[in-house]
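A quick write-up on the structure given underneath.
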Amino acid sequence: MHLTIAASQSPEDTELCILRNDWNSVPVLSGDIIHLEGACNSGSWIINGESGYLILYPDLLISGTTVSNSIRCMRKAVLSEKFRSCESGSRQMLVGTVLHEIFQQAITNNLAAEKVQELAFKIVYGPKYLKELYHLNLKQEEIMQEIEGYFPSFSKWAEDYMCKPSQDNQSKMQLKLSSGGKKDLSCNIEITQVLDIEENIWSPRFGLKGKLDVTVGVKIHHSSGTQYKIMPLELKTGKESNSIEHRSQVILYTLLSQERRMDPEAGLLLYLKTGNMHTVPGNRLDRRELIKLRNQLASYLVHNVCKSAMGNKQTQLASLPPVINDSQACKYCSQMHNCVLYSRAVEQQMDDIIIPSAMIPVIDRETQHLKLSHLQYFNLWYLMLTLELQAGEGKKGYKNIWMMPASEREKSGDCIGNMIRMEQVQEVSDGQYLHYFQHKSGALPGTNLLVGDRVVVSGEEKTLLGLAAGYVKEVNMTKVSCLLDRNLSKLPKNTIFRLDHEEGGFGIDVPLGNLSKLMENSSASEKLRSLIIDFRKPQFIQHLSSVLPPEAKETVANILKGLNKPQKQAMKQVLLSKDYTLIVGMPGTGKTTTICALVRILYACGFNVLLTSFTHTAVDNILLKLARFKVGFLRLGRVQKVHPDIQKFTEEEICRCKSIKSVIHLEELYNSQPVIATTCMGVNHPIFARKRFDFCIVDEASQISQPVCLGPLFCSQKFVLVGDHQQLPPLVQNAEARDLGMSESLFKRLEQNKNAVVQLTVQYRMNSKIMSLSNKLVYEGKLECGSEKVSKATVNLPDLKKLNLKLELFTGSSETWLKEVLEPNNSVCFLNTEKVPAPECVEKGGVSNVMEAKLVVFLTSLFIKAGCKPSDIGIISPYRHQLKIITDLMTGSYVNKVEVNTVDKYQGRDKSIIVVSFVRNNTDDNIGTLLKDWRRLNVALTRAKHKLIMLGCVPSLCCYPPLEKLLCHLNSEALIFNLPAGTHERVFQCNLL
DNA sequence: ACTCTGCTTAGAGGA
């Protein structure tokens, strides 16, 4: 096969690459990116059996284990990459992990029998593995007992291979390195140095990544002489199989090692059960076959969708590697469920799929519990998630770490280069090392890096890629501190580092895992399938008396006293539900209060509750309120992301304070509270593998995509979704996925079952004039004010008179609109910028409107002058760019305490005064999609309590149907004020006040 | 046609 290749974009600079022997099976297509290893002679490369490698999509790093697992079944290897969360651990795996750690620590410190015993005790009875032990329902004693059997082999191995071993102890080691003597195979191996533990290597050269158990310095004594090599040492705790898979893993590590140092030419494979060690030469032949395997894997992982043949250009899911014909291997396969599911739901819809005949009955049997509707649901959501993942991958900069120099990446704020390590590295807890970094030249460059962000630490030198990963603990003007997973203190003092912000790296793991779980043959999944996919009518019981325990009646009655009518109705509906309830929380109707009351009532009735939402903020919002009552709760999730006042309720903090070190105590903690709170993504926590809940409450459910929302529902009898589909839906980036319906939340989907819906209509936020806008446009008049006080409330501007006098002095009577805008009784006004003029500016990545921004800042400053607290004012706009301009205008002035944010971010929040900048202003039909969404407009209109001021160009905005409706209404109410031409010029003068 | 939040993520072993 001949390839025309180019190292640059210019078409003249081409070379020829000839693929010989079976290299021509590489699934390479025109336009693909490849990396070549080998020699180039006068513009042509020859890759054949003897020399050269072709690496397909080298920037896709595939792990060593994934490649070696693909030897037996490539389909499984691909599925395991996609359905990561479906790979649940086992007792043997945990034993393996623990033994790895013991050996790794022992080999670096001391392999003496009593020291190993001591170390093992410390590790097994320490806090590190408690969660996994709980997950598997194992006792620490069991693990201890099992691992003790390995220790004699540790000593045996140490005697055989460390500290000048005698020849006779070793059972005939054989190893020949190309760089060594002639036919001298038998040798004696001596480990002289332990250089690293769990060394993390990313190799964009071979398209591989991996973590090396141990990196050792080895002396190879042949009769003809001695050689020294730095080699990977791979540990295995299972049967001494010396299998192809194990050996392949080591061979791949010999490739990875080349990223950091000379070719080791071989690696070592140590079976800890027996203490026997095998040499694994990194032969050209084996390396070549493994790289070809990796290329195939890469091709499958990259091409996960294809355009349908039907000419309608619709994207559809691509087929996976074929099903293998080995029912024995499939019997125990951890991906069996996903394998047959994909075959039935996706591949059997295609024409050209061949399945080994022996496997057909297996696939049928394993999927017989699924109806066509279920398979279609799986297919559609898998496709949409895949499309959306691709949209995200375009932006995420994980490969930028090696593709872009730090200096260039710094410009986007996602990287800081030229860093040096300072002070000591502190081991905060096991596997967490606190590092301090300082810029070589003193001050840090501007950066987006925030506390709690994920970072990857690399050396600026190419050989030190991906040294460690962790979280930012602190950033200030001169230094950054990070909690990293590896201790970097052994590197030379003058090593120069770069810290890269790891964005987006998170895939579609959780939603895909949930989707897979929904298709399982279990009663919980079956119930959810019938409710969610087949729209089975939710059931309700008749009488409260059967759920309400007599002893709880008084408490419940007391809680109900504090609620309004629709809220009470919601409580009743939830208690009566057998399946689910949907609570529509219209703006300002006290969703948080309602959820809080609901939790208290459920607790009083003796139920346990799982409380979730998509974001940490939403979860903590409820907990902040709940903390005032006598309902105990446990908050799961990373402390850094949790609200400071809630941190003391997190698992991590409690475990730290009580220094919990036994599974029994951990289990006690998990069972101690009636309420568990976490984000929807947190459902992979071990607690959910064992605990069941009576109710699950999901807040902001209308903003969560279906497969994500599904997660917490599996471990609960009944669920309550709280949301408002008239507000913003889940964010979907990929247009095709959006068109296929990906932004439909579970809340929206289930809302068609009217009998499950309760609406909260009494609101306490907006005064009647502001409320009436969204009441007219969206809620069909259902909203009502909670009280006369709410209805009549206006903004408090103590210094308004003084300000008005000053304004008159400066502007005379020319700006009458100004007085109207400031007047507290004018709760709603729209300022038409048509005549000003205030044109928009469309740049790549955003839309903005400087003139509008200036007006916004001017108005804001007037309100502050009139005596309004900056924290009572909010500025919102649909466009991020506009916010940036507004913020920049305000920096350094007294206005800068005002919160400026997007409409999307303001959902769920409110302020006394809200200023909305609509931005759009052009004469051509250039229309964005943001303003076409009436839900976004609804959110914008319902954030203000007392005063809502909108700015925009009326004729331009009339292109957007939702805004046209709004403007028409405002016009009929005479709430639109036309700004006279040249307003801005006079505005500048006023700004000098 | 620009709205953004979730995440320890390579390997632990079994047939």
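So you know, we letter chains A, B, ... as the sequences are listed, proteins then strands, and number each from 1.
Between Gln733(A) atom CD and dT5(B) atom P there is a gap of 11 Å when expressed in whole angstrom units. Rounding to whole angstrom units, CZ of residue Arg638(A) and P of dT5(B) are separated by 15 Å. Atoms CG (Leu512(A)) and C1' (dG6(B)) sit 15 Å apart, rounded to a whole Å. Straight-line distance from the CZ atom of Arg920(A) to the P atom of dT3(B): 10 Å, rounded to whole Å. Between the C1' atom of dC7(B) and the CG atom of Leu636(A) lies a distance of 15 Å, rounded to the nearest Å. Between the CG atom of Leu389(A) and the C1' atom of dG6(B) there is a distance of 13 Å, rounded to whole Å. For Glu388(A) and dC7(B), the CD to C1' distance is 16 Å, given to the nearest whole Å. Distance CG (Asp453(A)) to P (dT8(B)): 14 Å, rounded to an integer number of Å.
Contacts of Glu651(A) classified as side-chain hydrogen bond (donor to acceptor under 3.5 Å, both in side chains), with partners at least two apart in sequence or in another chain: Tyr670(A), His685(A). Residues forming a side-chain hydrogen bond (donor to acceptor under 3.5 Å, both in side chains) with Arg880(A) (at least two apart in sequence, or on another chain): none. Partners of Arg91(A) according to the side-chain hydrogen bond (donor to acceptor under 3.5 Å, both in side chains) rule, which considers only residues two or more places apart in sequence or in another chain, are Glu142(A), Glu146(A). A search for side-chain hydrogen bond (donor to acceptor under 3.5 Å, both in side chains) contacts involving His246(A) returns Ser241(A), Tyr271(A), not counting sequence neighbours. Scored by the side-chain contact (heavy atoms from CB on, under 4.5 Å) test, Asn325(A) finds Pro356(A), Ala358(A) as partners (sequence neighbours excluded). Every residue two or more places apart in sequence or in another chain was checked for a salt bridge (charged side-chain N to carboxylate O under 4.0 Å, His left out) with Glu259(A), and none qualifies. In this structure Thr254(A) satisfies the side-chain contact (heavy atoms from CB on, under 4.5 Å) test together with Pro232(A), Ile251(A), Pro264(A), Arg287(A), sequence neighbours excluded. Checked against side-chain contact (heavy atoms from CB on, under 4.5 Å), Leu512(A) has the following partners two or more places apart in sequence or in another chain: Lys82(A), Phe83(A), Tyr382(A), Leu385(A), Ile508(A), Leu515(A).
Listed pair His881(A) / dT3(B) fails the phosphate criterion, with no side-chain N or O lying under 4.0 Å from OP1 or OP2. A close approach under 4.0 Å does not occur between any side-chain nitrogen or oxygen of Arg880(A) and OP1 or OP2 of dA1(B).
A salt bridge links Glu840(A) to Arg920(A): one of the charged nitrogens lies within less than 4.0 Å of a carboxylate oxygen.
Exactly one residue among Leu721(A), Asn514(A), Thr612(A) makes a side-chain contact (heavy atoms from CB on, under 4.5 Å) with Cys709(A). That residue is Leu721(A).
Side chains of Leu255(A) and Ser203(A) form no contact here, defined as non-hydrogen atoms less than 4.5 Å apart.
Backbone-only engagement by Val847(A) is indicated by non-hydrogen atom pairs under 4.0 Å involving sugar-phosphate atoms exclusively. Among the heavy atoms of the strands lying under 4.0 Å from Lys905(A) are primed sugar atoms or P, OP1, OP2 only; no base atom is included.
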Inset, instruction - Let me have a per-nucleotide readout for nucleotides 9-15 of chain B, 5' to 3', with B, S or -, counting only protein heavy atoms under 4.0 Å. - result: BSSBBBS

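On the C1' atoms, dA12(B) is 15 Å away from dT8(B), given to the nearest whole Å.
Counting only Watson-Crick or G-U wobble pairs whose defining distances are both under 3.5 Å, DNA chain B contains no stem of 3 or more consecutive pairs.
Residues of residues 929-941 of chain A having a heavy atom closer than 4.0 Å to DNA chain B, listed by number: Thr929(A), Leu930(A), Arg936(A).
Sorted by first and then second residue, the salt bridge (Lys or Arg N to Asp or Glu O under 4.0 Å) pairs involving residues 237-247 of chain A (not counting sequence neighbours) are Arg72(A)-Glu245(A).
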